[in-house]
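Here the structure comes first, spelled out in structure tokens, and everything after it is commentary.
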Amino acid sequence: MQLDNLYQEVILDHYKRPQNKKLSANYDAQVHHVNPSCGDEIDLNLTITDGTISNISWDGVGCSISQASVSILTDLLIGKKIDEAYSIFDHFVALMQSKGTVSGDEAVLEDAIALAGVSKYPARIKCALLGWMAFKDASVQAQSKSKLD
Amino acid sequence: MQLDNLYQEVILDHYKRPQNKKLSANYDAQVHHVNPSCGDEIDLNLTITDGTISNISWDGVGCSISQASVSILTDLLIGKKIDEAYSIFDHFVALMQSKGTVSGDEAVLEDAIALAGVSKYPARIKCALLGWMAFKDASVQAQSKSKLD
Amino acid sequence: MTFDPLVIRKDFPIFERSIRDGKRLVYLDSGATSQKPVVVIEAESNFYRNHNAAAHRGAHQLAEEATEALESAREVVANFLGGAVDEIVFTKHSTEALNLLAYSIGNSPVGNRFHLQAGDEIVVSEMEHHANLIPWQQLAKRTGAVLKWFEVTPDGRLDLSNIDGVITNRTKIVALTHQSNVLGTINPLTDLVKRTHQVGAIFILDACQSVPHMPVNVGALDIDFLVFSGHKAVGPTGVGVLWGRANLLDELPPFLFGGSMIESVTMTDATWAPAPRKFEPGVPNMAQIVGLGSALNYLTAIGMQKIHNHEIAITEYAISKLQEIQDLKIVGPVDMNLRGGAVSFTLGDIHPHDLGQFLDNSGIAVRTGHHCAWPLTRKMGVPATTRASFYLYNTLADIDVLFDGVRDAQKYFG
Amino acid sequence: MTFDPLVIRKDFPIFERSIRDGKRLVYLDSGATSQKPVVVIEAESNFYRNHNAAAHRGAHQLAEEATEALESAREVVANFLGGAVDEIVFTKHSTEALNLLAYSIGNSPVGNRFHLQAGDEIVVSEMEHHANLIPWQQLAKRTGAVLKWFEVTPDGRLDLSNIDGVITNRTKIVALTHQSNVLGTINPLTDLVKRTHQVGAIFILDACQSVPHMPVNVGALDIDFLVFSGHKAVGPTGVGVLWGRANLLDELPPFLFGGSMIESVTMTDATWAPAPRKFEPGVPNMAQIVGLGSALNYLTAIGMQKIHNHEIAITEYAISKLQEIQDLKIVGPVDMNLRGGAVSFTLGDIHPHDLGQFLDNSGIAVRTGHHCAWPLTRKMGVPATTRASFYLYNTLADIDVLFDGVRDAQKYFG
Ligand SMILES: Cc1ncc(COP(=O)(O)O)c(C=O)c1O
Ligand SMILES: Cc1ncc(COP(=O)(O)O)c(C=O)c1O
């Protein structure tokens, strides 16, 4: 079924067993993002230690795509250097906006490659990006905060 | 030429030699009416003596239809009882709104019958009615004034 | 003429296409926008092909014909609603019509009956579409008026237990929806309108979800203003209607300023033409207005009561079928006496977005989300719902496809 | 591709019909509204036939296609003007776009760069269309700002002898027309824009009569906002465009409130989506937007510079022919370096309405009156004028018919 392209096993797994879905008590930055067209919401906490993402935790409501996407993100980015995380971020956004013309680099994106099918469903791209935009926003806040410290 | 139906001799005559086109010094009511879609303007003075229209005078700028129509109106209504004038007014308005389906009663409308062709040109009906609406307005003012006196 | 949706569907060219690799289009999203019959599409293109010119501006034949086309459509709308011709104002959609009212009221000077001052009250409800909520929020902020609202009961009706406490002597405006676009609830208006007039306020009806679906007569309802959108009533996009009582339109100041709405203009000042012209500056959305006239003629020829009966039958069937499904919860009343043909529901833990996507893959178009009524979905205790909404071209077979689709989705995501 | 108006005319179905018992349609009223090529008419009806659904609202295939159609059209408009995609806001016409600016500026709170207070100045000119005059009159009245204006010289140009005296440190807004719809004058913008920015004000261009007729690039002009109407640019009725610099649209408060323009909504408050969404509540005029995209693609394929050159050639011919006629006076500049293709004139004592009617009888469509620029006609010392306006489908033969028609009218009314 065509739909299986969108809803890959990995996605449904992350949806049913989301990773790091419990807001941590401590964080460098906390953000709240909303997808106004469907009402999906996410809170995301981020900690950066010595230029490395030491923790991401989150809570939220939303569809399987938005929930799985943020769950995958946490698995993928925790432990990465911030520069490397940004490069993965750019890869992922490019994949989402590709309208299905790009297949993505699995070496870079790992499980996130499973979201490639989303790029053929324009209305769902925002779902997949919700957590990623929240992460980007939080990382900017965390870094400007660390500069102030 | 089809157009001759609209621009009858009588109309062009009244246009070139307008009747009562000089505002009188005295009047019971004076009104200023405008046709906002083309900028035509008219001032009209009206005197009613013992229920009879004793004078109508006017000045204005406008197309041949609007100018001829008010000129014809003055010829037709001066000397008439106010009730009779209203009945002629109603006949004329009905003729204008008839879309060419009514030919009008010449015994009632006299020269104004020449304006029958206007009813086939919707954009010009307002031109033909400009002076008549001014008259109606002025007559209402004059009568309510005479009641106050 | 018997009512047969299968015959009606033939008038709508979009049903000739297929969805997602050959599936039949099961369009259950008419609450968002309706499909268009070929007569409406052709009314618009005929206007361009044969009569296009700036209406009300020019003495040439094309301009005459354009004016005639425009004003005939106004007559059609007036007859459709039971109003007078000069009581019909064309806008681009109901959203603009509601904003027109809010801004024009905000423009009313002291002494004008619409003038608002601090402490005056505006009444809406928790089930309003954003288009009938935010303009009033903003008007309240600009004028210092207070926004009040009727609450919604757990089963999705207006809580009218305290009408007199909500609509008070300070109330100047009551603006309510006729039918909720989420719950399907049809609000009972009689007591509300009576109380509104008792306190000297005006009653504004958002009829977006009623005018396309049932007979609506402004005189019988005794309301003061009504708005609806053409695109939800088999008409073109880009055209809406404001109806208002003649004496009220007369006193209401204009909203948009420009050409053709004036009586006289100098560099520093302007005066206005009579309504409806005073509310219609600029070269009008002529082709769309003409298309709307054709749309309402189309609906009238079929019969609004027949359309309503058909929708009620479909909705009743849909509700009974959907209720068979485990974990499916209807959000809104299930009593057919209280509702029209928009059915929102939740399905256990399956997110409406996922359900909608799954249904789409089977050719079924539904809407998911908060349906531009966020305070309402919040009040109903759900983050989002899936909505199936029906119209004259839907069939019982469409409902069966929906039923199967929902059950298959449960298996897929289960 | 060589430019041939006779070939171009074949794209416009309306030229297949005749006027007043078999006369050829000589359409010289494109300044009021333009005719539509078949590709535009079909773009609109194709949308209804194949892709109609509420854009940006729904995850089903039709909604995806509608969104894609809408956003592709936005890209076309952005490219046509040289702006960015998110700088394009769709309205129903330029009148709405100008009112949007005036109301949004009026909604700006203290601290916002658009906030107006008593004593601030708004600058327009005596040659503005009512749509770019009355909204500013009204904004001035609401805020206590002062309305100032550039005068018009006897030969129909802006009097720019005292730019610095008109645009001062108190000026917050300068709103001017690019080309006068009555005089045909094209206003030189460089010094005006420079001075406007020097004093920290914003420059708004009414490009209704320029964007359809010549290459216009918002970057090269260095302006801040621009408006135009689709229906004057071979596009559908019911769609207009506001272009604004991204950072300015960002700071400008919204105008119309409703669905799809929000970020979050509660019963008492709302926050806004980013531009352009924040200015586009409601189900958009989708089919018309799609038609506009097709219209601009059509014009681009022919070439805006070629269209402009053609109109200049026609206008030059028209002016030289018309000047041969006794008692005919051109109202506006006769120097082709100063003007575009709208030619207004008077004809002795013959009233424009009568002349227009006579021409109509010969199949010629012109506009007569004050052309929604009443202060200007007053200033030019005429109660009304007759206007012939040209576009890509007009030919030199059209001018010859006009010439003969005017002379015949002189005989008829003489
Ligand atoms: C210069 C100018 N500005 C504004 C307008 C208003 O355009 P619209 O009626 O399409 O809003 C027009 C045309 O009528 C115009 O020529
Ligand atoms: C109840 C209700 N009110 C207002 C609207 C707004 O209609 P539009 O977007 O056509 O202006 C809608 C539809 O979206 C609606 O369902």
Side-chain angles (χ1 to χ4, degrees), chain C residues 13-14 17 19-20 29 32-33 35-36 41 44-45 48-50 52-54 57-62 92-93 95-96 99 129-131 134-135 137-138 147 149 231 236-238 256-259 262 265-268 270 281-283 285-288 353 356-357 360 365 367-368 372 374-375, chain D residues 13-14 17 19-20 29 32-33 35-36 41 44-45 48-50 52-54 57-62 92-93 95-96 99 129-131 134-135 137-138 147 149 231 236-238 256-259 262 265-268 270 281-283 285-288 353 356-357 360 365 367-368 372 374-375:
Chain C
I14 205 160
R17 69 162 283 174
I19 297 292
R20 302 275 181 227
D29 199 16
T33 198
Q35 296 304 338
K36 323 299 178 200
I41 300 171
E44 240 191 293
S45 49
Y48 294 132
R49 284 171 186 278
N50 296 305
N52 178 65
R57 313 185 172 193
H60 55 80
Q61 187 181 348
L62 289 178
K92 69 174 172 178
H93 46 29
T95 300
E96 188 197 1
N99 278 274
H129 188 280
H130 294 162
I134 313 179
Q137 287 180 351
Q138 294 292 318
L147 188 72
W149 56 86
H231 70 89
T237 60
L256 299 179
F257 304 94
I262 56 96
V265 181
T266 66
M267 282 309 290
T268 52
V283 172
N285 37 357
M286 298 179 290
Q288 293 72 48
H353 244 184
Q357 194 80 59
D360 168 57
R367 176 123 181 246
T368 64
C372 299
W374 212 339
Chain D
I14 206 162
R17 68 163 281 174
I19 296 291
R20 301 279 180 222
D29 198 16
T33 199
Q35 296 305 337
K36 324 298 177 200
I41 299 172
E44 240 190 294
S45 49
Y48 293 132
R49 283 171 186 278
N50 295 308
N52 178 66
R57 311 184 173 194
H60 56 80
Q61 188 181 348
L62 289 179
K92 68 174 173 178
H93 46 30
T95 300
E96 189 198 0
N99 278 276
H129 188 281
H130 294 161
I134 312 179
Q137 287 179 353
Q138 293 291 319
L147 189 71
W149 56 86
H231 69 89
T237 59
L256 299 178
F257 305 94
I262 56 97
V265 181
T266 65
M267 280 310 290
T268 53
V283 171
N285 36 358
M286 299 177 290
Q288 294 71 49
H353 243 184
Q357 194 80 59
D360 167 57
R367 175 125 180 242
T368 64
C372 300
W374 212 338

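Naming convention: chains lettered A, B, ... in sequence-line order (proteins, then strands); numbering from 1 in each chain. As the structure is a prediction and not an experimental result, all values here were calculated from the model. No hydrogens, no waters, no symmetry mates; every other heavy atom, side chains included, goes into these values.
Of the possible donor and acceptor atoms, one in the side chain of Asn99(D) sits under 3.5 Å from a partner among the backbone N and O of Phe257(C). When atom types are taken as modelled, the side chain of Gln288(D) and the backbone of Asn285(C) share no donor-acceptor pair closer than 3.5 angstrom.
Using a 4.5 Å cut-off between heavy atoms, Gln61(C) touches chain D through backbone and side chain atoms alike. Contact of Arg367(D) with chain C is made through the side chain alone, with heavy-atom distances under 4.5 Å. For Arg57(C), the parts sitting under 4.5 Å from any heavy atom of chain D are the backbone and the side chain alike. Only the side chain of Glu44(D) comes within contact range of chain C, with heavy atoms under 4.5 Å apart. If you measure heavy-atom distances from Arg49(C) to chain D, the contacts under 4.5 Å come from both the backbone and the side chain. Interface remark: Leu256(D) contributes backbone and side-chain atoms alike to the contact with chain C (heavy atom separation under 4.5 Å).
Contact count versus chain D (heavy atoms, under 4.5 Å) is highest, among Lys92(C), His129(C), Met286(C), Gln357(C), for Lys92(C). Ranking Thr237(C), Thr368(C), Ile41(C), Ile134(C) against chain D, the residue ahead of the rest is Thr237(C), based on heavy-atom pairs under 4.5 Å. Counting heavy-atom pairs closer than 4.5 Å to chain C, the top residue among Ile262(D), Leu147(D), Asn50(D) is Asn50(D). No other option in Gln137(D), Gln138(D), Glu96(D) has as many heavy-atom pairs under 4.5 Å with chain C as Gln137(D).
With sequence neighbours excluded, the residues forming a side-chain contact (heavy atoms from CB on, under 4.5 Å) with His60(D) are Tyr27(C), Asp29(C), Asp360(C), Ala365(C), Ala53(D), Leu62(D), Ala63(D), listed by chain and number.
By the 4.5 Å heavy-atom criterion applied to side chains, Pro13(C) and Tyr48(D) are not counted as neighbours. The shortest side-chain heavy-atom distance between Pro281(C) and Thr95(D) falls under the 4.5 Å cut-off. With a 4.5 Å cut-off on side-chain heavy atoms, Asn52(C) and Thr33(D) count as touching.
The OG atom of Ser45(C) lies 13.5 Å from the NZ atom of Lys36(D); values are rounded to the nearest 0.5 Å. To the nearest 0.5 Å, atom CE of residue Met267(C) and atom CH2 of residue Trp374(D) are 15.0 Å apart.
Residues Ala54(C) and Ala32(D) come closest through the heavy atom pair CB-CB, 3.8 Å.
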